[in-house]
Amino acid sequence: VLGMTTYEDLVAATLPTGQMPLVVPQLKTITLGGAVTGLGIESSSFRNGTPHESVLEMDVLTGDGRVVTCSRSEASDLFYGFPNSYGTLGYALRLRIELERTHPYVHLRHLRCFSVAEAAEVMRSHGEARTADFVDGTWFASSEVYVTLGTWADSAPLVSDYTGQDIYYRSIQRRSEDWLTVHDYLWRWDTDWFWCSRAFGVQN
């Protein structure tokens, strides 16, 4: 895939085949090249790492005008130095990455914790036990922290939709359990960018 391909376009191409990138950062307009030369993370990162860890090969445009193909075995110093280099070593033109199989739905469980320390322990224990495929944390106040555990599901008794006026992060406080299509799970934060929309008054 080309480095300037957005995750929205990449997911649109892979989901119909029953696959997705190992890590899909939160916002649709993040590019694959940007997530690798910068730093991307998401709820599958506890088992899949960060986006650069699923890269198999890259074509990098270097500062001296060369296009260098690099991998774990070819020009490996560039390959291993490139992640989180923010363009100082070059520009990713093309990347070949691993994909993983998906299921149609993600089943969510929102666990209320009464401190950050409690939430961290819940994350640690479920992460080590691998009782979930996705792990998220959402902090509302020092005594109201939620750990969301997501697991792949082949069916769902109901399916929520947070692509319009209904905002995903508000559902975390209201519901202990939820189901989303894998597509809507990947873009659950995108509707309102919960960390900045309130400042612009768009929640009113």
Side-chain angles (χ1 to χ4, degrees), residues 1 4-32 34-36 39-51 54 97-113 119 122-123 126-127 130-140 144-200 202-204:
V1 64
M4 282 296 289
T5 301
T6 65
Y7 274 93
E8 179 178 28
D9 289 340
L10 183 55
V11 165
T14 61
L15 277 187
T17 73
Q19 301 175 95
M20 64 176 251
L22 272 62
V23 179
V24 178
Q26 290 178 345
L27 299 176
K28 294 178 179 179
T29 55
I30 292 173
T31 64
L32 184 59
V36 171
L39 186 65
I41 191 169
E42 239 298 327
S43 58
S44 63
S45 287
F46 80 100
R47 59 184 175 85
N48 291 335
T50 52
S54 60
I97 65 168
E98 295 178 83
L99 301 176
E100 70 175 352
R101 292 286 176 191
T102 64
H103 296 250
Y105 304 99
V106 178
H107 174 209
L108 303 178
R109 290 179 293 145
H110 305 302
L111 308 181
R112 167 78 187 267
C113 300
V122 170
M123 284 186 172
H126 283 281
R130 295 298 174 104
T131 54
D133 298 299
F134 306 94
V135 178
D136 246 344
T138 308
W139 185 91
F140 289 95
E144 187 182 6
V145 185
Y146 292 84
V147 174
T148 297
L149 304 176
T151 52
W152 290 120
D154 292 318
S155 61
L158 56 91
V159 179
S160 295
D161 182 353
Y162 301 108
T163 60
Q165 295 298 309
D166 200 5
I167 294 173
Y168 169 72
Y169 90 86
R170 289 179 170 169
S171 74
I172 294 171
Q173 294 174 296
R174 295 195 314 262
R175 311 180 69 154
S176 61
E177 196 172 25
D178 208 349
W179 285 263
L180 294 172
T181 66
V182 60
H183 175 275
D184 287 354
Y185 175 76
L186 293 177
W187 307 127
R188 63 200 180 283
W189 303 110
D190 207 82
T191 297
D192 74 310
W193 290 15
F194 75 97
W195 54 88
C196 65
S197 65
R198 179 173 293 170
F200 294 102
V202 299
Q203 292 185 15
N204 300 316

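In this text, all values refer to a predicted model and were calculated from it rather than measured experimentally. For this chain, numbers begin at 1 and follow the sequence in order.
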Least distance between heavy atoms, Ser54 atom then Leu22 atom: CB-CD2, 4.0 Å
Contacts of type side chain to side chain contact (heavy atoms under 4.5 Å, CB included), residue Ala156, not counting sequence neighbours: Tyr105, Val159, Trp179
Check against side-chain contact (heavy atoms from CB on, under 4.5 Å), Trp187 and Tyr7: CA-CA 10 Å; Trp187 307 127; Tyr7 274 93; 3.8 Å; yes
Residue pair Ile30 / Ala35: nearest heavy atoms and the distance that separates them: CG2-CB, 4.1 Å
Interatomic spacing from OG in Ser155 to NE2 in His103 - rounded to 0.5 Å: 11.5 Å
Working for side-chain contact (heavy atoms from CB on, under 4.5 Å), residues Val182 and Met20: CA-CA 10 Å; Val182 60; Met20 64 176 251; 4.3 Å; yes
Atom pair CG (Leu15) and CG (Leu99), whose distance is rounded to the nearest 0.5 Å: 10.0 Å
Student check: side-chain heavy atoms of Thr181 and Pro104 closer than 4.5 Å: no
Any side-chain heavy-atom pair of Leu10 and Ile97 under 4.5 Å: yes
Pairwise distance OG1(Thr138) to OH(Tyr168) - rounded to 0.5 angstrom: 6.0 Å
Intermediate values then yes/no, side-chain contact (heavy atoms from CB on, under 4.5 Å), Asp190 and Thr163: CA-CA 8 Å; Asp190 207 82; Thr163 60; over 6 Å; no
CG on Leu111 to CE on Met123, rounded to 0.5 Å: 10.0 Å
Asp166 with Arg174: basic N within carboxylate O range, under 4.0 Å: yes
Residues which pass side chain to side chain contact (heavy atoms under 4.5 Å, CB included) with Gln173, listed by chain and number, not counting sequence neighbours: Phe140, Glu144, Tyr146
Candidate pair Phe134 and Trp152, rule ring-ring contact (aromatic ring centres under 6.0 Å, His included), full reasoning: CA-CA 9 Å; Phe134 306 94; Trp152 290 120; 5.0 Å; yes
For the student: nearest non-hydrogen atoms of Ser43 and Arg188, plus distance: OG-NH2, 3.5 Å
Shortest non-hydrogen contact from Val11 toward Pro21: CG2-CD, 4.3 Å
Rounded distance [0.5 Å steps], CD in Glu42 versus CG in Leu27: 9.0 Å
Candidate pair Val135 and Leu149, rule side-chain contact (heavy atoms from CB on, under 4.5 Å), full reasoning: CA-CA 5 Å; Val135 178; Leu149 304 176; 4.1 Å; yes
Least distance between heavy atoms, Cys113 atom then Val122 atom: SG-CG2, 3.9 Å
Rounded distance [0.5 Å steps], NE2 in His126 versus OG1 in Thr131: 4.5 Å
Side chain to side chain, Tyr185 and Thr102, heavy atoms closer than 4.5 Å: no
Asp133 and Arg47, any side-chain heavy atoms less than 4.5 Å apart: yes
Listed partners of Ser45 passing side chain to side chain contact (heavy atoms under 4.5 Å, CB included), at least two apart: Val23, Ile41
Min side-chain heavy-atom separation Tyr162-Leu180 under 4.5 Å: yes
Closest contact, heavy atoms only, Asp178 versus Ser160: OD1-OG, 2.5 Å
Chi angles and distances behind the side-chain hydrogen bond (donor to acceptor under 3.5 Å, both in side chains) call for Thr17, Gln19: CA-CA 6 Å; Thr17 73; Gln19 301 175 95; 3.0 Å; yes
Ring center gap for Tyr169 and Trp189 short of 6.0 angstrom: no
